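Take a look at the structure set out below.
Computed over heavy atoms, backbone and side chain alike; hydrogens, waters and symmetry mates excluded. Every number for a ligand or one of its atoms is a count from 1 in the order of the listing. Numbers here simply count residues along the sequence, with the first being 1. A quick note: this is a predicted structure, and the numbers were derived from the prediction, not measured.
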Amino acid sequence: MKILVTGGTGYIGSHTVVELINAGHTPVIVDNLSNSNIGVLDGIKSITGESVSFYQVDVTDIQALDKVFSENHDIKGIIHFAASKAVGESVKEPLKYYRNNLVGLMNILECMKKHKVGSLVFSSSCTVYGQPDILPVTENAPIKPALSPYGNTKQICEEIIRDTVASCEGLHAILLRYFNPIGAHPSALIGELPLGVPQNLIPYVTQTAAGIRECLTIFGDDYDTPDGSCIRDYINVTDLAKAHVVSVDRMENGKQESDVEVFNIGTGRGTSVFEIVNMFEKVTGVKLNYKVGHRREGDIEKVWADATIANNTLGWKAEKTMEETLASAWKWQQSLK
Ligand code: UDP
């Protein structure tokens, strides 16, 4: 099937494009290259042997987006990644986030209606749960007030999709609520390319190990967790990518139980920051320079997924171990030298 992937040269997008090709689909990428570069297409080609068709288009430009749909009449589904994703930046520039994330999605939905494309996979986030009252968190947990404009856009996007699907015959969607994607393709030909100083844990860890950053700061060791550091559910990016492939197949095969389905995409395992540091050192043999600092504002103490519904209904399961995932992140970092 021909699948339009917005944000297809980005971190999760590029890994998903590879998995779509591996599954026999034909991806078409739309990306404005605001947080990725064209060289990612070479990485995808080296891994898969395929040249993917690419449009440098901003999803907030509805005319340009409409043209992509017109030129690709046989698009069967959309995987919509293109969005701004830095929590801190979203606090400083909320309008950028509301424009890119909400207008981008609305344009996609307009084009889907006009060109009669029925299936949408949307990148949502476990951020919609805030600090859950019950762990592991299930899809039925209440949506908590968002802690940032970024988080708010994910909540509003979910609502926009629900309302639009309810109003439009033939439109359906799968919302994937990701936990913390990490790692890189095992080939190290594609991976995460953070701009400037990384905000996320794993790129900071690998850059510190590579000597690019002097010292990792662990944000707080006085949380109510066994070792005092925060707990997250870290999911291998290739495993995460595969969840998108099974989602498009599920929709196209008419297997959905309702027109909008929601799945947690995580491992079901919680890992603390200290555990990550220790595992990274063990797997790579590199000693990490780190210190304990203050808590980071807005951080959630602990969250990990109940992925039972994704496992049973979607038939998807996280397969990679944390060790191989950390090793892949390190291999990728070293390839950037
Ligand atoms: N973290 C840290 N030092 C860093 C970056 C992150 O201790 O330099 C911690 C952060 O407090 C959180 C975990 O690592 O507990 C994951 O943070 P990240 O920003 O990667 O993802 P988040 O879950 O916040 O979206």
Side-chain angles (χ1 to χ4, degrees), residues 10-12 35 83-91 97 101 123-132 135-137 144 146-155 176-184 191-237 240 264-281 288-305 322 325-326 328-330 332-333:
Y11 175 42
I12 307 173
N35 193 20
S84 299
K85 63 171 185 178
V87 175
E89 186 191 45
S90 79
V91 176
Y97 278 69
N101 297 7
S123 308
S124 191
S125 165
C126 69
T127 175
V128 302
Y129 301 123
Q131 176 60 64
L135 288 167
V137 64
K144 297 269 180 81
L147 294 173
S148 68
Y150 163 77
N152 204 23
T153 66
K154 290 296 170 189
Q155 295 188 1
L176 298 181
R177 291 183 181 154
Y178 312 152
F179 284 68
N180 288 54
I182 61 165
E192 188 172 11
L193 278 170
L195 282 182
V197 181
Q199 304 298 309
N200 295 114
L201 178 63
I202 301 304
Y204 210 105
V205 164
T206 58
Q207 290 197 8
T208 305
I212 300 166
R213 309 282 155 207
E214 206 170 303
C215 182
L216 168 75
T217 302
I218 295 181
F219 296 144
D221 67 351
D222 56 353
Y223 284 101
D224 182 19
T225 58
D227 64 20
S229 64
C230 291
I231 297 177
R232 297 285 182 276
D233 185 331
Y234 295 93
I235 167 85
N236 179 285
V237 68
L240 172 59
N264 280 345
I265 304 297
T267 65
R269 250 190 341 255
T271 309
S272 76
V273 182
F274 282 119
E275 285 173 325
I276 290 280
V277 168
N278 291 335
M279 256 189 259
F280 182 84
E281 288 186 334
L288 259 188
N289 192 18
Y290 70 87
K291 61 175 193 240
V292 175
H294 295 298
R295 292 182 175 197
R296 181 171 69 179
E297 208 187 325
D299 254 343
I300 285 159
E301 183 169 85
K302 48 191 171 214
V303 62
W304 63 94
M322 181 64 96
T325 302
L326 290 174
S328 73
W330 180 229
W332 165 247
Q333 177 66 55

Show the numbers, then the answer: is there a side chain to side chain donor-acceptor pair (under 3.5 Å) between Ser123 and Tyr178? CA-CA 7 Å; Ser123 308; Tyr178 312 152; 2.9 Å; yes
Take every heavy atom of Tyr234, measure it against each atom of ligand 1, and state whether any distance is under 4.0 Å. yes
After noting the C-alpha distance and the side-chain angles of Cys230 and Ile300, does the key distance pass the side-chain contact (heavy atoms from CB on, under 4.5 Å) rule? CA-CA 7 Å; Cys230 291; Ile300 285 159; over 6 Å; no
If you measure every N or O of Leu201 against every N or O of ligand 1, does any of those distances drop under 3.5 Å? yes
Tell me: protein heavy atom nearest atom 17 (O) of ligand 1, and distance? Arg296 NH2, 3.4 Å
re atom 3 (N) of ligand 1, the protein heavy-atom contact at minimum distance is Thr217 O, 2.7 Å
Classify the side-chain pair Tyr11/Asn200 by whether it contains a donor and acceptor separated by less than 3.5 Å. no
Is there a donor-acceptor pair closer than 3.5 Å between any side-chain N or O of Asp233 and the backbone N or O of Phe179? no
Let me know which of Leu216, Asp221, Thr217 forms a side chain to side chain contact (heavy atoms under 4.5 Å, CB included) with Phe219. Thr217
What protein heavy atom sits nearest atom 11 (O) of ligand 1, and how far off is it? Asp299 OD2, 2.5 Å
Would you mind running through ligand 1 and noting each atom that sits below 4.0 Å from a heavy atom of Gln199? 5 (C), 19 (O)
Sub-4.0 Å atoms of ligand 1 with respect to non-hydrogen atoms of Ile218: 7 (O)
Proximal atoms of ligand 1 relative to Val273 (non-hydrogen, under 4.0 Å): 7 (O), 9 (C), 14 (O), 15 (O)
Residue, atom and distance of the protein heavy atom nearest atom 18 (P) of ligand 1 read Asn200 ND2, 3.5 Å
Select one of side chain, backbone, both or neither to describe which atoms of Leu216 lie under 4.0 Å from any atom of ligand 1, heavy atoms only. side chain
Residue, atom name and distance, where the atom is the protein heavy atom closest to atom 12 (C) of ligand 1: Arg232 NH2, 3.7 Å
Which is it for Asn289 and Arg213 under the side-chain contact (heavy atoms from CB on, under 4.5 Å) test, yes or no, and what are the steps along the way? CA-CA 9 Å; Asn289 192 18; Arg213 309 282 155 207; over 6 Å; no
Which residue holds the protein heavy atom closest to atom 4 (C) of ligand 1, what is that atom called, and what is the gap in Å? Phe219 CE1, 3.3 Å
Main-chain N/O of Ile182 paired with Glu192 side-chain donor or acceptor, under 3.5 Å: no
Would you tell me whether Tyr234 and Thr267 have side-chain atoms, one donor and one acceptor, within less than 3.5 Å of each other? no
Cys230 heavy atoms within 4.0 Å reach ligand 1 at atoms 15 (O)
Examine the side chains of Glu89 and Tyr97 and answer whether a donor and an acceptor come within less than 3.5 Å of each other. yes
In terms of residue, atom name and distance, what is the protein heavy atom nearest to atom 21 (O) of ligand 1? Asn180 ND2, 3.1 Å
